[in-house]
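First the structure, in the form of structure tokens, and then the observations on it.
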Amino acid sequence: MVRRQSAPRITFEAAAIYEYPEQLRPFLQALPATPGVYLFHGESDTMPLYIGKSINVRSRVMAHLRNADEAAMLHQSRRITWICTAGEMGALLLEARLIKEQQPLFNKRLRRTRQLCALQLTDQRVQVIYARDVDFSHTPNLFGLFAHQRAALQALQTVADEHQLCYGLLGLEPLSRGRACFRSALKRCAGACCGKESPEAHHLRLMAGLERLRVLCWPWSNAIALKESRAEMTQYHIINNWLWLGAVSSLDEAATLARMPAGFDHDGYKILCRPVMSGHYDIIELDPANAPASS
């Protein structure tokens, strides 16, 4: 019997269809070598194909055009637009907002998180709570920001493994009263479940393990204006409860934005927390009437 050979499988390789996007040449000369956000557009006037950011828009866009791995996006692109910002922070914030609002086809990150949750530590207990139920910008003792419960519990398990904490006491597995957990026999639990260490000592190690995941409460009573500048441009980022409300070119324009509702924003927190708390930026707290207060 002659065994028939199966036809070879055809594997798609972007490089095999890559061609320099000649249709985009008219847009290249005007690309700015400054911070900002850029958008690749297809036939649609309302939904971009891809949104990105850079401290040098021209350099980054040119790198896209030479990237064979992006052949599919480049083939569909018909024009490029951009928005200049005063610096990298403004570019990061604007990119995050535009991606969530416009959901570009070729962006696979910064999608809207609909079930944002965190670990909360209360009375020596850890539980998963959701942003839909409490205000994360003002709720104390929150740790980590997660897209779903499974990710939150996996993070808690990692902390437990690193610090020999008891899965049973943390609610990660059933625990029989008065009996040691299975991990205790393996010396992976320090024994708070069976009296080898006190609940207080277990709690202190839990707090130490969670500390690196702590979510900082919004430290101001009102909105703030954060100043970002380069030689040709200054922007004031109006922020409240870790939500970026937008940017203005002068504080006289801040009032309208500062009056906008401001709930906790996951992407805003990740982008803003470290630089805001670093002290490297000029920050002006806005008074309740949304006029600039003293610096």
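Because only heavy atoms are used, hydrogens play no part in the values below, and waters and symmetry mates are left out as well, while side chains stay in.
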task: First locate atom OG of S229, then atom CG of D282, and finally report the distance between them rounded to the nearest 0.5 Å.
output: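 One finds 8.0 Å between OG of S229 and CG of D282.
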Rounded distance [0.5 Å steps], CZ in F146 versus OH in Y130: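 OH of Y130 is found 11.5 Å from CZ of F146.
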message: Are more than 12 heavy atoms, taken from residues, nucleotides or ligands other than L121, located less than 6.0 Å from that residue's CG atom?
response: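 Atom CG in L121 is crowded, with more than 12 foreign heavy atoms closer than 6.0 Å.
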message: Taking atom CZ as the centre, does R230 end up with more than 12 heavy-atom neighbours from other residues, nucleotides or ligands that are less than 6.0 angstrom away?
response: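 For R230, atom CZ is crowded (more than 12 foreign heavy atoms under 6.0 Å).
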query: Does the E173 side chain pair with the main chain of C166, one donor and one acceptor, at a distance under 3.5 Å?
result: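 The answer is no, because no donor-acceptor pair under 3.5 Å joins these two groups.
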Worked verdict on N240 versus W218 for side chain to side chain donor-acceptor pair (under 3.5 Å): CA-CA 8 Å; N240 197 6; W218 179 245; 3.3 Å; yes
Decide yes or no for [X] and [Y]: does some side-chain heavy atom of the first lie under 4.5 Å from some side-chain heavy atom of the second?
X: S184; Y: C194; result: yes
X: K53; Y: L94; result: no
X: Y281; Y: K227; result: no
X: H64; Y: M73; result: yes
X: M47; Y: Q103; result: no
X: I224; Y: H237; result: no
X: Y20; Y: L65; result: yes
X: T85; Y: P35; result: yes

- request: May I ask whether M233 and L31 are part of the same hydrophobic cluster, defined by side-chain heavy atoms of I, L, V, M, F, W, Y residues being less than 4.5 angstrom apart, directly or through others?
  value: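 No.
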message: Hydrophobic clustering (ILVMFWY, side-chain heavy atoms < 4.5 Å, transitive) - are L165 and L210 grouped together?
response: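 Yes, L210 connects to L165 through the hydrophobic network.
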query: Who pairs with E197 by salt bridge (charged side-chain N to carboxylate O under 4.0 Å, His left out), at least two apart in sequence or on another chain?
result: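 Partners of E197 under the salt bridge (charged side-chain N to carboxylate O under 4.0 Å, His left out) test: R205.
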- request: Go through E95 and R97 one step at a time and tell me if the salt bridge (charged side-chain N to carboxylate O under 4.0 Å, His left out) criterion holds.
  value: CA-CA 5 Å; E95 178 200 36; R97 170 178 289 182; over 6 Å; no
query: Step by step, would you call H75 with E19 a side chain to side chain donor-acceptor pair (under 3.5 Å)?
result: CA-CA 8 Å; H75 180 72; E19 293 182 3; over 6 Å; no
Assess whether a salt bridge exists between [X] and [Y], defined as any Lys/Arg side-chain N lying under 4.0 Å from an Asp/Glu carboxylate O.
X: R212; Y: E162; result: yes
X: R183; Y: D161; result: yes
X: R78; Y: D45; result: no

- prompt: Between the side chains of E253 and S249, is a donor N or O closer than 3.5 angstrom to an acceptor N or O?
  reply: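 Their side chains do contain a donor-acceptor pair, which is all the 3.5 Å distance test asks for.
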- prompt: What's the shortest heavy-atom distance between W82 and I80, and which atoms?
  reply: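 Result for this residue pair: CZ3-O, 3.6 Å.
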For C181 against L175, the heavy-atom pair lying closest together: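 Scanning both residues, the minimum pair turns out to be CB-CD1, 3.9 Å.
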message: Give me each pair satisfying side-chain hydrogen bond (donor to acceptor under 3.5 Å, both in side chains) with a member in residues 25-35, each pair once, sequence neighbours excluded.
response: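 Qualifying pairs, neighbours excluded: E22-R25.
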query: For F143, is the NZ or CZ atom of R214 found under 6.0 angstrom from the centre of its six-membered ring and inside 45 degrees of the ring axis?
result: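 The answer is no, since R214 fails at least one limit relative to F143.
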- prompt: Do S77 and H41 pass the side chain to side chain donor-acceptor pair (under 3.5 Å) test, and can you show the C-alpha distance, the side-chain angles, and the key distance before you say yes or no?
  reply: CA-CA 5 Å; S77 297; H41 301 268; over 6 Å; no
- prompt: Given the side-chain rings of F136 and H266, with only the six-membered ring counted for Trp, is the space between their centroids under 6.0 Å?
  reply: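 Judged by ring-centre distance (under 6.0 Å), F136 and H266 do not meet the cut-off.
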field: Centroid-centroid under 6.0 Å between W242 and Y269 rings
entry: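 Close enough - the centres of the two rings lie under 6.0 Å apart.
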Check against side chain to side chain donor-acceptor pair (under 3.5 Å), D135 and H138: CA-CA 6 Å; D135 180 2; H138 292 93; 3.0 Å; yes
